[in-house]
Amino acid sequence: MIEMRLDGKEAVERGLEKAMSRAEQALRKQLEEAANDLADLARAQILTQRQAGRATPSILAESLSVAPLETGFSVQASAPYAVFVELGTARMAAEPFLQPAFDEVVTGLRTALGKGDAA
């Protein structure tokens with residue numbers, strides 16, 4: 001008689017758990033980098049849109065911050081008037097800075113994740 005056994009369910013489960021943990025860490029790192037890129041791109045957009053010759057710092061650009069969330073990261077503009085710059089008002093045209101940056105970063109993330117470059 002000949003017998004073949006395949007044991008090791010526990011070892012396979014441990015290996016899968018380790019692999020999932022590494023994948024989650026890599027994804028979290030990729031998301032953090034993307035959030036920082038988004039904030040940097042938004043700052044650059046704000047400074048590009050400013051009136052030429054203004055030497056003072058931009059309160060709006062300085063108000064951008066990245067905050068961790070349970071499932072990712074948040075990029076926030078804490079200046080009280082940020083929403084009016086982004087979306088405009090009845091008297092002022094919108095000068096979006098977050099949405100264009102978001103679109104660029106999401107495109108980059110999709111490309112990286114599609115190619116398997118998330119590590």
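Values reported hereafter were calculated over all heavy atoms of this structure, with side chains retained and with hydrogens, waters and symmetry mates removed.
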Anything under 3.5 Å between a donor and an acceptor, one on a side chain of residues 84-101, the other on a protein residue two or more places apart or in another chain? List them.
from	atom 1	to	atom 2	distance (Å)
Glu86	OE1	Phe97	N	2.7
Glu86	OE1	Leu98	N	2.8
Glu86	OE2	Gln99	N	3.0
Thr89	OG1	Arg91	N	3.1
Thr89	OG1	Met92	N	3.0
Gln99	NE2	Asp103	OD1	2.7

Side chain to side chain contact (heavy atoms under 4.5 Å, CB included) partner of Phe73, the single match among Val66, Leu38, Asn36:
Val66
If you link ILVMFWY side chains whenever their heavy atoms are less than 4.5 Å apart, which other residues fall into the same cluster as Leu16? By chain and number, please.
Val12
On a heavy-atom basis, the closest approach of Gln30 and Ala112 is NE2-CB, 3.9 Å
More than 12 heavy atoms of other groups within 6.0 Å of Ile59 CD1:
no
Short side-chain to backbone donor-acceptor contact, Ser21 and Glu17, under 3.5 Å:
no
Thr71 side chain near Leu31 side chain, heavy-atom distance below 4.5 Å:
no
Checking Gln76 now: which residues fulfil side chain to side chain contact (heavy atoms under 4.5 Å, CB included) with it, not counting sequence neighbours?
Ser65, Ala67, Ser74
Got a sec, which residues hit side chain to side chain contact (heavy atoms under 4.5 Å, CB included) with Asp40, two or more places apart in sequence or on another chain?
Arg43
How would you list, by chain and number, every residue that makes a side chain to side chain contact (heavy atoms under 4.5 Å, CB included) with Ser63, sequence neighbours excluded?
Leu60, Ala77, Ser78, Ala79
Can you confirm whether Phe102 is buried at CZ, in the sense that more than 12 heavy atoms of other residues, nucleotides or ligands lie under 6.0 Å from that atom?
no
Leu47 and side chain to side chain contact (heavy atoms under 4.5 Å, CB included): which single residue from Gln45, Arg50, Gln49 fits?
Arg50
Which heavy atom of Ala34 sits nearest to which heavy atom of Leu109, and what is that distance?
CB-CD1, 3.8 Å
Contacts of Glu70 meeting side chain to side chain donor-acceptor pair (under 3.5 Å) (sequence neighbours excluded), chain-then-number -> none
Salt bridge (charged side-chain N to carboxylate O under 4.0 Å, His left out) involving Lys9 - partner list, sequence neighbours excluded
Glu13
Co-members of the apolar cluster containing Ile2 [side chain, <4.5 Å]
none
What pairs with Glu33 under side chain to side chain donor-acceptor pair (under 3.5 Å), at least two apart in sequence or on another chain?
none
Can you name the residues that form a side chain to side chain contact (heavy atoms under 4.5 Å, CB included) with Glu62, not counting sequence neighbours?
Pro57
